[in-house]
Amino acid sequence: MVQSSSPSALPSRTSAMVETNYTLQKSFPSEPANKLASLREKCRPALLYIVSTAQFFDIVNGASVSVAILPIAQDLHFTVPQVLWILNAYTISFAGLLLVSGRLGDLFGHRRMFMFGLFWFALWALVVSFSTSPIMFILARALQGMGAAATVPTAMALIATTYPAGPERTKAFSIFGAFGGLGAVTGILLAGGLIASIGWQWIFRISAIAAFILLAVSYIVIPVSAPKAEKPKIDYLGAVTATIGVTGIVYYISTGVEYGWADPKTLPIFVVALALVALFIFIESRVHSPLMPLRIWKLKSFTTSVALAFVSMAKFQGIIYYANMIFQEVFQWTPIQTALGFLVHSLLAMVVFTILGRMLPRLPLKPLILTGFLLRSATALMFSFVDEHTNYWALPFPAFIIHIFGVGLSLLPIQITAVRDAENKDQGLVGALYNTGLQLGAPFGLAILNVIAISTNGNTEGAVRGGPALVKGFHNAFYAMIAMGLFGFFLALVILPWDKPVRPAVTDSNKNASNVSLASTAVPANSASTIEPKDLEEVVSPSEAIGHASERHDSDASTIASRSDDLEKGHLQV
């Protein structure tokens with residue numbers, strides 16, 4: 001209990017500060033807790049690799065399943081219409097819950113949401129591996145996607161709130177992106193080896209084991225945020241409309257090719273989904289504590305980055321999928337041979353992304369993004385000349401080399417640009433929206449490319465056939481990917497600002513406000529009368545209380561704690 005030696009003389013704002021400081025002390029009352037906090041601080045550099053590895057296994061899991069579709073369908077006796085849901089169950093639940101999960105991380109703590117996501121992902125990955133029927137597999141796979149939806153955006157938020165804007169954050173996101181790019185191809189390699197040896201079930205069991213290990217390490221490595229002064233308010237109506245709306249759109253895009261774009265199974269759902277998204281936007285403009293504050297879309301660089309992420313993932317998924325089709329259908333390769341064909345892409349990703357992580361902080365982002373999209377269009381152009389007589393080393397091999405450079409030069413800067421200007425309190429939302437763009441882009445791109453490939457596959461009757469006869473349709477799909485790359489190039493050229501990652505793109509008014517904020521918080525230890533409640537709120541925000549640097553503050557939690565102690569000793573007895 002706190003008692004004042006001079007209650008009438010103590011300003012109310014000083015009481016508020018000491019009361020909050022006392023609350024923070026209660027959060028870490030014991031010696032073991034202090035030791036754990038000290039250990040977390042020492043392990044802080046490992047945080048980046050924990051969240052990056054989590055994303056790596058999320059992507060590995062998804063990529064592996066895309067290769068294992070046929071063995072899974074055969075073992076569990078999927079019917080032809082059900083096969084579609086081997087992929088879609090996960091994709092739809094993942095994309096539909098990204099926005100809600102990301103915002104809940106902002107409200108209740110990114111660490112808490114990240115760890116919950118890891119646990120949920122691991123639990124249902126284990127259940128999937130023991131599936132005995134299509135229904136069990138589809139339901140467990142959908143629930144597993146919910147875990148990934150909680151993990152991925154909060155992983156981005158943990159990086160953005162841990163590393164200050166500039167070279168340090170740029171390097172961190174480069175490493176994060178490298179893990180993601182590596183996972184996309186590693187999944188194909190892993191699936192090929194496991195299917196040929198111990199079975200597709202181990203795709204999920206390895207993912208579960210890795211996630212449980214990461215969960216245990218995360219408890220030690222990721223710092224605990226200070227409790228919020230007020231109980232967060234949840235926009236339930238916005239959460240429901242956003243989740244159902246986005247889920248409906250992803251469902252329509254994912255199933256439109258199979259069922260038909262105007263089929264009663266797809267079109268009504270799409271119309272309702274669009275109406276719910278419109279209702280969600282209306283709700284967000286009216287409620288006091290919105291799930292998605294519309295101010296976030298006023299950041300030009302963020303809005304453009306989401307659009308570019310959509311285009312980028314549509315093209316990336318297209319290249320990986322149709323290169324896989326070229327190898328298996330046109331070249332008639334086995335899954336193992338296909339996995340080895342992607343090996344250069346996987347190994348080079350580690351090298352290229354590591355180099356870019358060191359270079360990006362010193363380079364302007366826009367020219368890199370433009371160059372990346374051009375290189376990726378060149379990749380699609382090279383694959384458009386591949387047929388059953390083409391040697392792998394003549395075209396696919398150099399095309400993969402060009403492609404991974406293009407992905408690194410475009411996708412990494414886009415990700416950095418997306419989170420650059422947002423405030424720490426919105427980083428979970430930013431990560432969620434950015435990943436929603438990625439998740440919508442992947443099925444949309446494949447849907448469009450599949451329509452083109454299937455309708456022009458070389459059969460005059462329009463029926464799909466296997467083998468090299470499909471090559472004409474594949475070529476047309478690669479032509480469409482060239483167009484996607486050029487569209488991304490011109491979008492970035494016209495809209496994206498010319499900025500460097502080391503200089504956040506903020507307005508003069510924001511800079512002035514930041515300077516005022518710095519001046520207001522830089523107070524002497526004995527000057528209690530100059531501290532205002534609004535300063536205190538910023539001092540005890542979660543990212544500040546655990547010692548993380550912020551773009552607008554040059555003081556850390558230990559300095560603030562010492563000032564509070566001096567104040568406490570001078571006026572109060574605890």
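Rounded to the nearest 0.5 Å, atoms CZ (F137) and CG (L76) are 7.0 Å apart. From M156, atom CE reaches atom OG1 of T161 across 11.5 Å, with rounding to the nearest 0.5 Å. In this structure, CD on Q55 lies 3.5 Å from CZ on F176, to the nearest 0.5 angstrom. The line from CE of M146 to OG of S93 is 7.5 Å long, rounded to the nearest 0.5 Å. To the nearest 0.5 Å, the span separating OG1 on T53 from CD1 on I213 amounts to 11.0 Å. Atom OG1 in T91 sits 7.5 Å away from atom CZ in R141 (nearest 0.5 Å).
Within the 4.5 Å cutoff, no side-chain heavy atoms of L370 are placed close to those of L374. Looking at S218 and L118, their side chains come closer than 4.5 Å, going by heavy atoms from C-beta outward. Under the 4.5 Å side-chain criterion, counting only non-hydrogen atoms from C-beta, L440 is not in contact with M313. I319 has its side chain out of reach of F316: every pair of non-hydrogen atoms, C-beta onward, lies at least 4.5 Å apart.
Taking the six-membered ring for Trp and the full ring otherwise, the centers of W85 and Y90 sit at least 6.0 Å from each other. Between F327 and F342, the ring center distance clears the sub-6.0 Å criterion.
Just one residue in the list I203, V128, I86 forms a side-chain contact (heavy atoms from CB on, under 4.5 Å) with I72, and that residue is I86. Screening Y392, F478, Y479, Y321 for a ring pair (Phe, Tyr, Trp, His ring centres under 6.0 Å) involving F383 leaves a single residue, F478.
The shortest non-hydrogen separation linking A172 to I159 is CB-CG2, 3.8 Å. Of all heavy-atom pairs spanning I414 and I369, the tightest one is CG1-CD1, 3.9 Å. When every heavy atom of F204 is checked against every heavy atom of V65, the shortest pair comes out as CZ-CG2, 3.5 Å. Scanning both residues, L365 and P413, for their nearest heavy atoms gives CD2-CB, 3.8 Å. Nearest approach of T151 to G117, heavy atoms of both residues: OG1-C, 3.2 Å. Closest of all the heavy-atom pairs between A140 and V127 is CB-CG1, 3.8 Å.
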Assess the residue pair T243 and L99 against the criterion (side chain to side chain contact (heavy atoms under 4.5 Å, CB included)); give the C-alpha distance rounded to whole Å, side-chain angles, the decisive distance to 0.1 Å, and a yes or no. CA-CA 8 Å; T243 301; L99 179 58; over 6 Å; no

Could you walk me through whether F280 and M292 pass the side chain to side chain contact (heavy atoms under 4.5 Å, CB included) test, one step at a time? CA-CA 9 Å; F280 167 68; M292 183 188 72; 3.6 Å; yes

F94 and V152: side chain to side chain contact (heavy atoms under 4.5 Å, CB included), yes or no, with the steps? CA-CA 10 Å; F94 179 37; V152 174; 3.9 Å; yes

Applying side chain to side chain contact (heavy atoms under 4.5 Å, CB included) to L214 and F114, what does each step give before you reach the verdict? CA-CA 11 Å; L214 286 173; F114 178 78; over 6 Å; no

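T304 pairs by the side chain to side chain contact (heavy atoms under 4.5 Å, CB included) definition with K300, L308, I495, L496, not counting sequence neighbours. Partners of F487 under the ring pair (Phe, Tyr, Trp, His ring centres under 6.0 Å) rule, at least two apart in sequence or in another chain, do not exist in this structure. The ring pair (Phe, Tyr, Trp, His ring centres under 6.0 Å) search around W202 returns none, not counting sequence neighbours. Listed by chain and residue number, Y322, L449, A453, M481 satisfy the side chain to side chain contact (heavy atoms under 4.5 Å, CB included) test with A477 (two or more places apart in sequence, or in another chain). With sequence neighbours excluded, the residues that form a side chain to side chain contact (heavy atoms under 4.5 Å, CB included) with F444 are I253, F310, I448. Listed by chain and residue number, K315, I482, L486 satisfy the side chain to side chain contact (heavy atoms under 4.5 Å, CB included) test with S377 (two or more places apart in sequence, or in another chain). Judged as a ring pair (Phe, Tyr, Trp, His ring centres under 6.0 Å), and not counting sequence neighbours, F212 has no contacts. With sequence neighbours left out, R103 forms a salt bridge (charged side-chain N to carboxylate O under 4.0 Å, His left out) with D106, D426. With sequence neighbours excluded, the residues that form a ring pair (Phe, Tyr, Trp, His ring centres under 6.0 Å) with F270 are Y252.
Remark: side-chain polar atoms of Q74 are not paired, donor with acceptor, to backbone N or O of P71 under 3.5 angstrom. With T154 contributing its side chain and A157 its backbone, the two residues share no donor-acceptor pair below 3.5 Å. A donor-acceptor contact shorter than 3.5 Å is absent between the side chain of Q328 and the backbone of T338. A donor-acceptor pair is defined here as one N or O able to donate and one able to accept, closer than 3.5 Å; such a pair exists between the side chain of S455 and the backbone of I452. In terms of modelled atom types and a separation under 3.5 Å, the side chain of W120 and the main chain of L143 share a donor-acceptor contact. With hydrogens and angles ignored, the 3.5 Å screen pairs no side-chain donor or acceptor of N324 with any backbone N or O of I320. Within the 3.5 Å criterion, the main-chain N or O of W297 finds a donor-acceptor partner in the side chain of T303. Put simply, the side chain of S52 never gets that close to the backbone of Y49: no donor and acceptor are under 3.5 Å apart.
Inspection of the N61 and S64 side chains reveals no N or O donor paired with an N or O acceptor under 3.5 Å.
Applying the side chain to side chain donor-acceptor pair (under 3.5 Å) test to pairs two or more places apart or on separate chains, those with a residue in residues 367-376 are S312-R376, R376-S410.
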Can you give me every donor-acceptor pair (side chain of residues 429-438, partner residue at least two apart or in another chain, under 3.5 Å) with its distance?
{"from": "N435", "atom 1": "ND2", "to": "G431", "atom 2": "O", "distance (Å)": "2.7"}
{"from": "T436", "atom 1": "OG1", "to": "A432", "atom 2": "O", "distance (Å)": "2.7"}

Please tabulate, for the side chains in residues 395-405, all donor-acceptor contacts under 3.5 angstrom to protein atoms that are two or more places apart in sequence or on a different chain.
{"from": "H403", "atom 1": "ND1", "to": "H345", "atom 2": "NE2", "distance (Å)": "2.8"}

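Between W333 and F331, the ring-plane angle classifies as tilted under the 30° and 60° cut-offs.
The neighbour count for M359 CE, taken as heavy atoms of other residues, nucleotides or ligands under 6.0 Å away, does not exceed 12.
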